[in-house]
2 protein chains.
Amino acid sequence: MPPLPSPPDRITQTLVRHGLRQTPVRRAVLAAVAGKGYALSGPEIEREIGPGTTDRITLYRTLKSFEQHGLLHRVPDDTDVLRYAACSIECSAEAHFDNHVHFRCGTCTHTYCLSQVAVPAVALPGGFRADRRHYLLSGTCQLCQPAG
Amino acid sequence: MPPLPSPPDRITQTLVRHGLRQTPVRRAVLAAVAGKGYALSGPEIEREIGPGTTDRITLYRTLKSFEQHGLLHRVPDDTDVLRYAACSIECSAEAHFDNHVHFRCGTCTHTYCLSQVAVPAVALPGGFRADRRHYLLSGTCQLCQPAG
DNA sequence: CTTTTTTGTGCAACGTCGTTGCGAATAGGG
DNA sequence: CCCTATTCGCAACGACGTTGCACAAAAAAG
Ligand SMILES: [Mn+2]
Ligand SMILES: [Mn+2]
Ligand SMILES: [Zn+2]
Ligand SMILES: [Zn+2]
């Protein structure tokens, strides 16, 4: 009895859909950021997938590649590290559609993607043409509110 | 004939108002950022005031001190360097009032303070409490628009 | 399945930005 | 003018991120 081919999992599909090769590092990075409602930095992802899984260099190259291909979007922070979060399914190498607000909690230090909250438009002075908008809030998140 | 005391200049006034000592480094940093409509990074300020004027360490300490005392506000960028711009006159060590939008031009790489454009409010999911809001636009500025 | 080609990985070395510790210099107040 | 708290400058360090190059692995070709 020949083994039936099992259906491709979510991570495999994601890589295929964006035309990227299946490699252990990429699968591990995708698994680390998938499902999380907040953005992770390079070092955080490294800890998450286990320090022995890959080295910094490959990880950073993977993150940059994922951003260019529409798998991750960069989340600017008021810190000096770069953070990445999973993109919505309609993002591709051609264009990102992550126009939502981000929220940094000073207590748990997570930077959440508030996917439901769209970035409000602003009227710019004449001559300015914007193609990207980032809205970052800082404060205390749902889970870190002081009791009362 | 004793020399008359000349009236204190703007920079002197600013330092006095915030309770900071008059030092050459501080005066140079203030002079570098004053009047500019855009934010400067540490290395940029260093180049601006002349590399021999001070060293990196003192400059960074000065910038941090100025931020805490309400002379400068930090401008988050989609790059990985910290940028600072002059505060409005009502900022102090107690509180900042720089709720305006910032605009990064990909051509001239300046990050402008659009002081006239207030950051629009957003409705947050229940439980999130924000005390700071950053709105960063990226695109092409007034002066860098392609002719047409 | 085997070979070839293309792409990704890991190591080494490097660069930049920013920080900490500490002795020397200096601004501001008596 | 002198004293003292503050600031400066040097040295060393650390974190994050990048580049060049040889090797390994994935995908394509045969
Ligand atoms: Mn996001
Ligand atoms: Mn500003
Ligand atoms: Zn929190
Ligand atoms: Zn411009």
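Proteins get letters first, then strands, A, B, ... in listed order; numbering begins at 1 in each. For the numbers below, each heavy atom of this structure counts, side chains included, while hydrogens, waters and symmetry mates do not.
Across the helix from C/dC1-D/dG30 to C/dG30-D/dC1, the helix axis at one end is tilted relative to the axis at the other end by 30° (nearest 10 degrees, each axis from five pairs).
Qualifying ring pair (Phe, Tyr, Trp, His ring centres under 6.0 Å) partners for B/H100, counting only residues two or more places apart in sequence or in other chains: B/H73, B/H102.
In this structure, the side chain of A/T62 engages the main chain of A/T58 through a donor-acceptor pair within 3.5 Å. A distance-only check finds a donor-acceptor pair linking the side chain of B/Y135 to the backbone of A/P120 [under 3.5 Å].
Ring centroid separation for the pair A/F128 and B/F103 comes in under the 6.0 Å cut-off.
Residue B/L82 holds its CG atom at 8.5 Å from CD of B/E67, rounded to the nearest 0.5 Å.
B/R104 and B/T109 share no donor-acceptor pair across their side chains, judged by distance under 3.5 Å alone. For the residue pair A/Q145 and B/R129, no side-chain donor N or O sits within less than 3.5 Å of a side-chain acceptor on the partner.
In terms of phosphate contacts, B/K64 brings no side-chain nitrogen or oxygen within less than 4.0 Å of OP1 or OP2 of C/dG18.
Residues of residues 71-85 of chain A having a heavy atom closer than 4.0 Å to DNA chain D, listed by number: A/V81, A/L82. For the segment residues 47-60 of chain A, the set of residues with a heavy atom within less than 4.0 Å of an atom of DNA chain C comprises A/T53, A/T54, A/D55, A/I57, A/T58, in numerical order.
The two residues B/P76 and B/L136 have their closest heavy-atom pair at O-CD2, 3.7 Å.
Ring geometry for A/Y38 versus A/H110: interplanar angle under 30°, hence parallel rather than tilted (30 to 60°).
Mapping heavy-atom proximity under 4.0 Å, the span of DNA chain D touched by chain B runs 5' to 3' from D/dA5 to D/dA11.
Considering only heavy atoms from C-beta on, B/Q13 stays 4.5 Å or farther from B/L15 through its side chain. Side-chain contact between B/D98 and B/V75 is absent, with no heavy-atom pair separated by less than 4.5 Å. Annotation: side chain of B/L114 is in contact with side chain of A/P125 (closest heavy-atom distance under 4.5 Å). Counting heavy atoms from C-beta outward, A/K36 and A/E48 have side chains that approach closer than 4.5 Å.
Note on A/R27 versus A/D9: salt bridge recorded, some NZ/NE/NH1/NH2 to OD/OE distance being below 4.0 Å.
Counted within 6.0 Å of CD on B/Q116, heavy atoms from surrounding residues, nucleotides or ligands total 12 or fewer; the atom is thus considered open.
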Between protein and nucleotides 22-29 of chain C, what N or O pairs are separated by less than 3.5 Å?
| residue | atom | partner | partner atom | Å |
| --- | --- | --- | --- | --- |
| C/dA27 | O3' | B/Q22 | O | 3.3 |
| C/dA27 | N3 | B/R21 | NH1 | 3.4 |
| C/dG28 | OP1 | B/Q22 | N | 2.6 |

